[in-house]
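One structure is given here, and the rest of the page talks about it.
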Amino acid sequence: MRRLLVATDFSPAARTAFEYTLQLAADLKAEVHLLFINKVVSAETSLPEQHRRALIERDNREYGKKLQRWARHYPDQPREYVAAPNLHFHVRPGKAASGIIQAASELQVEAIVLGGREKHNIREHLFGSVTTQLIGRSPCPMLIIPEKARYQKLQSIALAVDITLSEERVFQQLKEVAKPLEASVQPFFVNMLPGEQDKIKLEQLDANGQRIDMVRDREITSGITYYLEQNQVQMLAMYIPRRAFHEHLLHGHLLRYMAWHTPLPLLLVRE
């Protein structure tokens, strides 16, 4: 990943995601593109088009200045991150999710980074947050950073696999991400079969010479959480198949749940 897009709404969660991305980009020697979507101007449809465009341009200039001030104010980080040479700023009008998708496509970024808030309001539970709206629609992998996360140099990425799907291509893709960081990728799955639950909780298996870990648990989410607690990993990766939101609704619900509740940075890799 040589080009990363961070979407911000100036919230504490976005701050965490931005600071995390700067340090990850330093290890990857990657560019960082910081994006703000100006959603207010999309509502100004009653104005004449010429005046509306002038309003958009004025607001975007002001937001651009705010974006640069915001980006240079993070005192908890070493000074070398303050003057990141590969940091670029973008302000665009429109709706949040569609604006992020369009910017990611036009800038040809290799990952979209978003901050994950600890608490969600009732509207998000009913209609979904910007993050959940992007799942399945993003043109590239998504990296969701929990609000209280702090950057740790990646040594191991845990890949939660679904043994009913073919995920070898995703495994190889993650290995390419991990290679410049000298990190490993460890696949695991959750076994929910009732007859298996009285056996050993965590077991290592061999699949054609590749180690894969198995967690026995009655629920996928608690099994994933248990695995992360028992292993020294710094990131969780999951796979988004095309059928996640059509034929396999359970998978779609799982991805949304993990996007909101992940204890570690979560990398979602699309088919």
Side-chain angles (χ1 to χ4, degrees), residues 1-40 59-97 99-101 103-104 107 109-121 123-124 128-135 138 140-154 181 234-236 256 258-268:
M1 294 191 292
R2 300 296 183 184
R3 185 174 293 182
L4 308 174
L5 175 67
V6 187
T8 181
D9 57 2
F10 303 115
S11 66
R15 163 78 57 199
T16 298
F18 177 57
E19 293 177 356
Y20 184 99
T21 304
L22 286 180
Q23 295 180 77
L24 176 62
D27 287 341
L28 289 170
K29 297 179 174 58
E31 294 180 3
V32 176
H33 292 261
L34 183 60
L35 172 69
F36 174 74
I37 301 295
N38 179 7
K39 296 178 288 185
V40 177
D59 281 0
N60 284 356
R61 284 195 299 270
E62 292 303 314
Y63 277 122
K65 294 175 184 177
K66 181 178 180 179
L67 195 62
Q68 294 194 37
R69 291 194 301 269
W70 183 85
R72 289 180 171 83
H73 177 66
Y74 38 97
D76 293 338
Q77 301 305 327
R79 185 159 184 81
E80 58 265 28
Y81 296 119
V82 176
N86 292 322
L87 178 59
H88 308 274
F89 301 93
H90 307 273
V91 176
R92 301 196 178 196
K95 296 182 179 180
I100 293 170
I101 291 170
L107 295 170
V109 299
E110 295 176 63
I112 296 172
V113 187
L114 299 165
R117 294 199 302 274
E118 283 191 302
K119 297 181 180 180
H120 302 272
N121 57 41
R123 179 178 175 80
E124 289 173 329
S129 63
V130 172
T131 299
T132 55
Q133 290 174 36
L134 286 171
I135 295 175
S138 171
C140 58
M142 289 174 54
L143 180 57
I144 302 167
I145 310 299
E147 190 168 351
K148 291 188 176 179
R150 292 296 178 265
Y151 183 75
Q152 293 180 297
K153 188 174 179 63
L154 293 184
L181 299 169
Q234 294 76 42
M235 183 177 288
L236 170 65
R256 291 189 182 97
M258 293 307 302
W260 279 2
H261 300 285
T262 178
L264 291 177
L266 171 63
L267 180 62
L268 299 178

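The structure presented is a predicted model; accordingly, all values stated were derived computationally and were not measured. All values below were derived from every heavy atom in this structure, side-chain atoms included, with hydrogens, water molecules and symmetry-related copies excluded.
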Taking every non-hydrogen atom, the tightest pair across [X] and [Y]:
X: Ala97; Y: Leu134; value: O-CD2, 3.6 Å
X: Pro12; Y: Glu147; value: CB-OE2, 3.7 Å
X: Val130; Y: Ala96; value: CG2-CB, 3.7 Å
X: Ala14; Y: Thr8; value: CB-OG1, 3.4 Å
X: Leu114; Y: Ala17; value: C-CB, 3.8 Å
X: Asn86; Y: Ala30; value: CB-O, 3.9 Å

Let me confirm one number: the [atom1]-[atom2] distance from [X] to [Y], rounded to the nearest 0.5 Å.
X: Ile112; Y: Ile144; atom1: CD1; atom2: CD1; value: 10.5 Å
X: Leu67; Y: Arg72; atom1: CG; atom2: CZ; value: 9.5 Å
X: Glu31; Y: His33; atom1: CD; atom2: NE2; value: 4.0 Å
X: Leu87; Y: Gln68; atom1: CG; atom2: CD; value: 8.5 Å
X: Arg3; Y: His88; atom1: CZ; atom2: NE2; value: 7.5 Å
X: Tyr20; Y: Ile145; atom1: OH; atom2: CD1; value: 5.0 Å

Do [X] and [Y] come close enough that some side-chain heavy atom pair is under 4.5 Å?
X: Ile37; Y: Arg92; value: yes
X: Leu236; Y: Met258; value: yes
X: Leu28; Y: Leu181; value: yes

Practice task
Find out whether the Lys NZ or Arg CZ of Lys66 is both under 6.0 angstrom from the six-membered ring centre of Phe10 and within 45° of the ring's axis.
Solution key: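 Ring-cation test returns yes.
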Practice task
Tell me, with the steps shown, if Val113 and Leu24 meet side chain to side chain contact (heavy atoms under 4.5 Å, CB included).
Solution key: CA-CA 11 Å; Val113 187; Leu24 176 62; over 6 Å; no
Practice task
Not counting sequence neighbours, which residues clear side-chain hydrogen bond (donor to acceptor under 3.5 Å, both in side chains) with Tyr151? List them please.
Solution key: Asp27
Problem - Check against ring pair (Phe, Tyr, Trp, His ring centres under 6.0 Å), Phe18 and Trp70 - result: CA-CA 10 Å; Phe18 177 57; Trp70 183 85; 5.4 Å; yes
Handout entry: Test item: Arg256 side-chain N/O and Thr131 main-chain N/O as donor-acceptor pair under 3.5 Å
Key =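 No, because the side chain of Arg256 does not come within donor-acceptor range (under 3.5 Å) of the backbone of Thr131.
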Fill in the blank from the handout: Tested for side chain to side chain contact (heavy atoms under 4.5 Å, CB included) against Leu4, the lone hit among Leu22, Val109, Leu143, Thr21 is Thr21
Handout entry: CA sep, side-chain torsions, deciding dist, call: Lys153, Gln234, side chain to side chain contact (heavy atoms under 4.5 Å, CB included)
Key = CA-CA 8 Å; Lys153 188 174 179 63; Gln234 294 76 42; over 6 Å; no
Problem - From CA spacing to verdict: side chain to side chain contact (heavy atoms under 4.5 Å, CB included), Arg150, Thr16 - result: CA-CA 7 Å; Arg150 292 296 178 265; Thr16 298; 3.7 Å; yes
